[in-house]
Amino acid sequence: MTTRSADLPTDVPSTVAEALARLPRVVDLLAARAEEHDRDATFPYQGVEALHEAGLLTLTVAPRYGGPGGTLADTVRVLGQLGRGDASVAVLAAFTLLQHAEQARAPRWPAPVYRKLLAESRRGPALVDTLRTEPGGGLGLPATVARRAADGSWVLHGRKTYCAGSEALAWMAVWARTDEPAPRTGLFLVRGDAEGIEIDPVWDQLGLRASAGHDVLFDGVRVPVEAAVGLAEAGGPRSEAVLAAERLDLAWRDLALSAVLLGVARAAQGWLVRFLDRKPPANLTELPPVSGPRRPGEGHSLANLPRYRTALGEMESSLIAAEELVSGLAAGVDRGEPTAVTRAAAAQLTVNRTATTAVQQAVALAGNPGLSRRHPLERHLRDILSGRVYFPAEEVVLDALGCVALERGTRRAH
């Protein structure tokens with residue numbers, strides 16, 4: 001039996017099964033408000049609160065902290081369902097779950113700071129995100145800089161962009177460099193309400209409009225010395241253990257966000273099925289007469305035409321394959337299989353393409369109604385296209401995979 005930690009509220013589910021049992025109700029609630037938040041680009045506070053109350057934001061908190069200890073397989077299952085309800089909320093949940101999962105695998109946050117993060121759950125949702133991206137997306141050292149204060153603490157200055165959940169983050173893990181003669185880089189853990197933080201509301205994307213991925217400005221933000229994590233010489237050698245941990249972090253991220261995209265694609269397919277089942281074809285003479293009890297896909301509807309059924313079959317086949325790929329690799333990562341970790345990048349690329357194609361096919365099959373703001377399909381299309389902002393560029397992934405293939409081929413040739 002899991003021992004409940006005082007760091008988590010007693011009404012939060014202590015097992016994964018309890019949290020999963022509450023998932024369908026949460027998904028329905030998200031779906032009911034998704035159109036409103038998308039239209040107005042407002043933050044989904046009610047949806048995030050529902051995640052918290054269901055225990056879904058703390059699903060991956062380790063048992064040693066009193067959490068359920070959700071695995072990657074559990075995580076992709078939850079995010080796939082949340083993606084059906086509201087992709088923006090699913091993205092926010094993903095980044096928070098990834099933070100807790102990293103801490104569960106190898107404690108990186110200092111214990112006192114992590115206890116503060118967990119304590120936030122007593123009062124409400126505690127969203128967390130790692131802020132790495134900067135305007136211009138340059139390579140090398142981050143422009144965000146941490147300078148030493150007279151008391152030994154750090155003082156942050158800089159700007160981060162694409163900061164999902166910016167206006168509601170309880171904590172931010174900010175990637176920055178020090179101003180030392182030999183700069184070090186690392187994460188600086190900052191409370192979301194710290195003095196000197198300003199949210200620049202520039203997020204006006206095609207999709208994921210409720211995710212509040214605004215810019216965050218840091219102007220003299222104080223960071224205690226113990227809240228600087230993993231400081232290491234910039235560009236210096238890293239141990240194999242550090243590299244392995246980074247690969248595992250990326251595998252979790254790739255598969256978690258892939259699950260969100262698959263959820264969006266499934267939502268699009270679900271709407272299309274209902275649309276085709278209700279929509280009569282232009283030429284009713286093509287259809288057989290209706291007799292006996294009517295079942296879905298029978299009678300005077302587009303769903304009774306073979307070409308639509310074949311198209312749906314193609315969509316179903318591709319989505320099943322992508323879902324099995326994600327769930328299979330997630331289980332492999334949970335078992336500690338190295339090949340599962342290294343293949344996650346290829347999986348996210350495949351899933352991204354598959355899910356995008358599926359939603360585009362749904363729009364094409366629906367015709368003009370699929371592009372109407374009266375229906376959610378066009379929102380699913382915008383969300384699936386905007387999801388790529390959280391993935392590396394395709395050419396980067398493909399180049400890395402090509403290098404692996406060349407290296408493998410070279411070894412075999414010798």
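We're numbering straight along the sequence, starting at 1. Computation of the quantities below employed the complete heavy-atom set of this structure, encompassing side-chain atoms and omitting hydrogens, waters and symmetry-equivalent molecules.
Residues Tyr114 and Val61 have side chains in contact (heavy-atom distance under 4.5 Å, counting atoms from C-beta outward). Residues Leu169 and Val128 form no side-chain contact, since every pair of their non-hydrogen atoms from C-beta on lies 4.5 Å or further apart. A 4.5 Å side-chain heavy-atom check between Leu187 and Val174 finds every atom pair outside the cut-off. In this structure the side chain of Thr15 never reaches within 4.5 angstrom of the side chain of Pro68, judged on heavy atoms. When side chains are defined from C-beta on, Leu56 counts as touching Val78, because their heavy atoms get closer than 4.5 Å.
At a cut-off of 3.5 Å, with distance as the only test, a side-chain donor of Asp74 or Thr71 sits close to an acceptor on the other residue. Side-chain contact, Glu180 with Thr178: a donor N or O sits under 3.5 Å from an acceptor N or O. No side-chain donor-acceptor contact under 3.5 Å links Thr42 and Glu36. Donor-acceptor pairing under 3.5 Å is recorded for the side chains of Gln99 and Thr130. A donor-acceptor contact closer than 3.5 angstrom links the side chains of Ser153 and Arg222.
Ring centers of His380 and Trp271: at least 6.0 Å apart, outside the cut-off. For an aromatic pair to be called close, the ring centres must be under 6.0 Å apart, and Tyr390 with Tyr162 fails this. Taking the centre of each ring, Tyr45 and His37 stay at or above the 6.0 Å mark.
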### Task
Assess whether side chain to side chain contact (heavy atoms under 4.5 Å, CB included) is satisfied between Lys116 and Trp109, documenting all intermediate values.
CA-CA 10 Å; Lys116 291 179 182 179; Trp109 287 46; over 6 Å; no
### Query
What do the steps show when you test Phe43 against Leu92 for side chain to side chain contact (heavy atoms under 4.5 Å, CB included), and what is the final call?
CA-CA 11 Å; Phe43 193 81; Leu92 300 176; 3.6 Å; yes
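Seen from the ring of Trp154, Arg147 does not count as a face-on cation partner, given the 6.0 Å and 45° thresholds. For the pair Arg247 and Trp252, the cation-pi test (distance below 6.0 Å, angle within 45°) is failed.
Sparse packing is recorded around CD of Glu195, with 12 or fewer heavy atoms of other residues, nucleotides or ligands lying under 6.0 Å away. Surrounding CZ of Arg343 are at most 12 heavy atoms belonging to other residues, nucleotides or ligands under 6.0 Å away. In the displayed structure, Arg77 atom CZ is contacted under 6.0 Å by at most 12 heavy atoms of other residues, nucleotides or ligands. Within a 6.0 Å sphere centred on CG of Asn368, other residues, nucleotides and ligands contribute 12 heavy atoms or fewer.
Scanning all heavy atoms of the two residues, the minimum distance from Ala256 to Leu98 falls at CB-CD2, 4.1 Å. Shown here for Ala170 and Ala126, the closest heavy-atom pair between the two residues is CB-CA, 3.8 Å.
Residue Gln269 forms a side-chain hydrogen bond (donor to acceptor under 3.5 Å, both in side chains) with just one option from Arg84, Glu316, Arg274, and that option is Glu316.
Glu35 has no carboxylate O lying under 4.0 Å from a charged side-chain N of Arg379, or vice versa, which leaves the two without a salt bridge.
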